[in-house]
Amino acid sequence: MQSCEQDFIPYAAISSIGPGPAIVFAPHPDDEVFGCGGAIMRHVSSGDPVRVVIVTDGAYGAPTDSEEYARTRRKESAQAAAILGYGVPEFWNLPDRGLEYGERLIQRILATIEECAVKLVYTPSWWEIHPDHRVAALAVAEAVRRCARPIHLAMYEVGVPLQPNALLDITDLTVRKASAVACFSSQLAQQDYDEQIAALNRFRTYTLPRTVQAAEGYLVLSAEELRNGIPGMMTHKDRLAVRGETGDMATAPLVSVIVRSMDRVRLKEALDSVALQTYPRIEVIVVNAKGDGHTPLAPWCGRFPLRFVPSDVPLPRSRAANIGLDRADGEYIVVLDDDHVFQPDHITSLVDALHGQSAVRCAYAGPRVDFFSAEQHPGESVFHEPPQVEKPGKPDIVPVHAVLFHRSLLDLQCRFDENLNMLEDWDFWLQAMRHTAFIHVDKIGLCHHTGRHPRERDTELHRFPDRLSKCETELANYRSLVEAKHAEMEVRDIELERLRRSIDALLAARLKTQGQLDSATASANRLRLGHDAVHESPSRAISAPSRFGAHLVRGRYGEAWDALRRGIRPAGRTIYKTLPRHLADTLVHTIYRHFGPIFVGFDDYERWRREPSPSPEETSEHHPRETDNYRRCSGPG
């Protein structure tokens with residue numbers, strides 16, 4: 001359906017924003033008049049109780065004495081209050097331009113709202129440019145969001161026009177409002193605020209009938225709308241760079257928010273929800289799970305530092321979560337995907353629940369799930385049931401984003417199983433439940449967007465016990481398999497280490513042997529050089545004949561030697577026979593004894609060598625015997 005002008009701005013004026021009682025929060029003395037002086041007068045004329053709270057002392061930029069300047073501004077507000085007719089303003093006297101967004105301010109605002117039992121709360125809009133205006137807007141909006149009873153927030157404009165959904169006709173109140181504005185002479189001396197506010201009120205009649213000469217613009221929201229996270233609530237994080245509770249940062253434990261980013265369109269909204277956290281000390285770690293082409297991010301998420309972990313390739317959910325765990329420095333950790341948003345007090349509530357707990361390391365708050373059915377009809381379901389002993393980790397009821405856990409779980413080896421493509425958060429909580437109980441914080445802590453209808457989810461809820469049992473069994477089987485593989489790998493590692501030691505020993509032996517071989521080679525080379533020197537010397541040439549004779553005697557010249565022996569044998573026999581017997585036997589005995597190698601292989605010599613005969617002298621002197629027998633078995637050859 002085509003939109004028209006009335007979808008963006010009202011084309012009709014109203015005479016009242018709503019019934020009272022009402023309370024007005026003004027960041028500085030004068031904002032209550034500049035922004036909503038007409039609405040205050042309407043409430044007064046209707047008999048509604050009106051309470052006005054001036055939050056800061058307005059002393060910033062004092063020309064001389066800041067205390068005197070603050071007193072002057074308080075007097076100006078009191079004078080304007082008398083003209084508007086609501087009574088006396090209440091001054092909190094917080095430091096001007098030092099207003100801090102956080103639990104301290106929100107709790108004070110909430111207590112004041114509940115004390116008055118008001119139905120309508122006024123505050124500047126969160127589009128204002130003054131930091132105190134933005135802090136007041138965010139703090140008051142968060143306080144109204146926490147109210148359980150029916151209540152409305154009305155944001156007014158001072159320095160920046162807002163996009164209103166209500167235009168209050170103040171035509172008949174312009175003179176009184178101008179008189180109240182004129183009370184702030186200290187401010188009018190700096191700027192012509194009276195003319196600017198009159199022009200703004202006149203401008204607001206642009207879409208109204210000609211009879212309306214002045215109007216105030218408002219954005220009116222219910223507490224229920226704020227709890228549901230209406231569009232525009234989560235504005236761009238750069239607009240949310242407000243001063244936080246710096247006084248609490250020194251003692252507050254650091255919380256690491258890990259964002260697994262696929263660079264979805266809701267990433268900005270998710271980061272804005274972190275920027276709106278009332279907790280004072282947060283670090284944001286965005287892990288690029290998309291891979292190449294991720295949108296660049298600024299180094300700040302509101303008032304909190306942001307670290308971007310790049311990746312050139314897509315990362316599985318478990319891997320991205322583990323990378324975030326490795327980079328986290330916080331004492332507490334929470335994981336957020338880029339299609340989820342935190343409620344502003346989510347982290348504060350969970351840290352408070354764990355504060356002082358030594359045995360409990362996890363706290364969680366339930367999510368609200370926004371869905372679109374197949375027909376694209378919007379709706380919501382709240383999953384807020386605590387985990388039970390027999391059904392301890394229902395992943396669709398208690399998602400990973402709902403739980404804040406202490407980093408000591410990482411020291412106990414709790415990690416996201418990178419082999420799981422789904423239910424990795426379920427597996428993580430099953431690991432955690434072995435070491436800690438879970439604290440349930442009874443509130444809605446985050447919002448999740450999905451495309452499934454509640455009937456589909458209800459059907460799944462009935463299957464949770466079976467799914468849990470099956471998943472636990474599968475996880476147990478998988479872990480048993482992993483443990484078996486690890487044991488097998490340990491055995492292989494031991495064998496591999498033994499082989500490595502054997503190889504190292506062989507290499508050492510090889511080096512030692514190579515050294516010995518090199519030393520022997522060097523010695524052989526030295527001997528070869530000495531041999532060559534001796535072989536070429538003159539003395540060797542002179543002794544060549546004698547060496548030749550010795551070689552002949554020792555049989556070192558092969559066939560020549562054999563021929564020589566065969567030639568000597570007949571000559572020896574002839575000489576033996578021609579000599580007298582006694583002399584021949586003596587000669588044979590002497591020759592065999594001293595030149596035996598010449599006759600090796602001859603029968604007579606071999607018999608003599610086996611049974612050497614005594615010399616003829618020994619025979620004749622000591623053993624006289626017949627010598628013919630000796631003669632028959634003696635003789636050369």
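Small disclaimer: the values here were computed from a predicted structure and weren't measured.
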Atom pair [atom1] ([X]) and [atom2] ([Y]), whose distance is rounded to the nearest 0.5 Å:
X	Y	atom1	atom2	result
Phe304	Glu283	CZ	CD	11.5 Å
Cys362	Leu354	SG	CG	7.5 Å
Trp429	Glu424	CH2	CD	10.5 Å

Would a 4.5 Å heavy-atom cut-off, applied to side chains only, mark [X] and [Y] as touching?
X	Y	result
Val286	Val284	yes
Leu297	Ser261	no
Phe308	Val287	no
Leu325	Ile333	yes
Leu579	Ile575	yes

Output yes when [X] and [Y] qualify as a salt bridge under the 4.0 Å nitrogen-oxygen rule, no when they do not.
X	Y	result
Arg319	Glu418	yes
Arg264	Asp338	yes
Arg415	Asp427	no
Arg260	Asp337	yes
Arg609	Glu606	yes

Q: Go through the steps to decide whether Asp329 and Arg307 satisfy the test salt bridge (Lys or Arg N to Asp or Glu O under 4.0 Å), and finish with yes or no.
A: CA-CA 11 Å; Asp329 295 326; Arg307 283 184 284 155; 3.5 Å; yes

Q: Determine whether more than 12 heavy atoms belonging to other residues, nucleotides or ligands lie under 6.0 Å from atom CZ of Arg327.
A: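 No.
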
Q) Are more than 12 heavy atoms from other residues, nucleotides or ligands located less than 6.0 Å from atom CG of Asp504? A)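 Counting neighbours around CG of Asp504, more than 12 heavy atoms of other residues, nucleotides or ligands fall under 6.0 Å, so yes.
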
Q | Polar contact flag, side-chain donor to acceptor under 3.5 angstrom, Arg526-Ser523 | A |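 Yes - a donor-acceptor pair under 3.5 Å links their side chains.
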
Q | Check: Thr278/Asp345 side-chain N/O donor and acceptor closer than 3.5 Å | A |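 Checked: Thr278/Asp345 side chains show no N/O donor-acceptor pair below 3.5 Å.
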
Q: Assess whether side-chain contact (heavy atoms from CB on, under 4.5 Å) is satisfied between Trp300 and Leu306, documenting all intermediate values.
A: CA-CA 5 Å; Trp300 291 92; Leu306 183 149; 5.8 Å; no

Q. What residue among Ile347, Val341, Val255, Ile282 forms side chain to side chain contact (heavy atoms under 4.5 Å, CB included) with Val274?
A.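 Among Ile347, Val341, Val255, Ile282, the one meeting side chain to side chain contact (heavy atoms under 4.5 Å, CB included) with Val274 is Ile282.
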
Q) Which residue, Leu336, Ile285, Val335, forms the side chain to side chain contact (heavy atoms under 4.5 Å, CB included) with Val257? A)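 Considering Leu336, Ile285, Val335, a side chain to side chain contact (heavy atoms under 4.5 Å, CB included) with Val257 is found only for Leu336.
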
Q: Quick one: list whatever passes side chain to side chain donor-acceptor pair (under 3.5 Å) with Ser349, sequence neighbours left out.
A: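 Residues passing side chain to side chain donor-acceptor pair (under 3.5 Å) with Ser349: Lys443.
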
Q: Apply salt bridge (Lys or Arg N to Asp or Glu O under 4.0 Å) to the pair Asp272 and Lys268, showing each step before the final yes or no.
A: CA-CA 6 Å; Asp272 287 347; Lys268 180 181 74 66; 3.6 Å; yes

Q. Centroid-to-centroid, Tyr279 to His346, below 6.0 Å?
A.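 Not under 6.0 Å, so no.
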
Q. How far apart are the C-alpha atoms of Lys290 and Asp263, what are their side-chain angles, what is the distance that settles it, and do they pass the salt bridge (Lys or Arg N to Asp or Glu O under 4.0 Å) test?
A. CA-CA 7 Å; Lys290 174 185 178 181; Asp263 203 15; 3.3 Å; yes

Q. Among Tyr332, Tyr364, Phe428, whose ring pair (Phe, Tyr, Trp, His ring centres under 6.0 Å) with Phe405 holds?
A.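 Per the ring pair (Phe, Tyr, Trp, His ring centres under 6.0 Å) rule, the option paired with Phe405 is Phe428, out of Tyr332, Tyr364, Phe428.
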
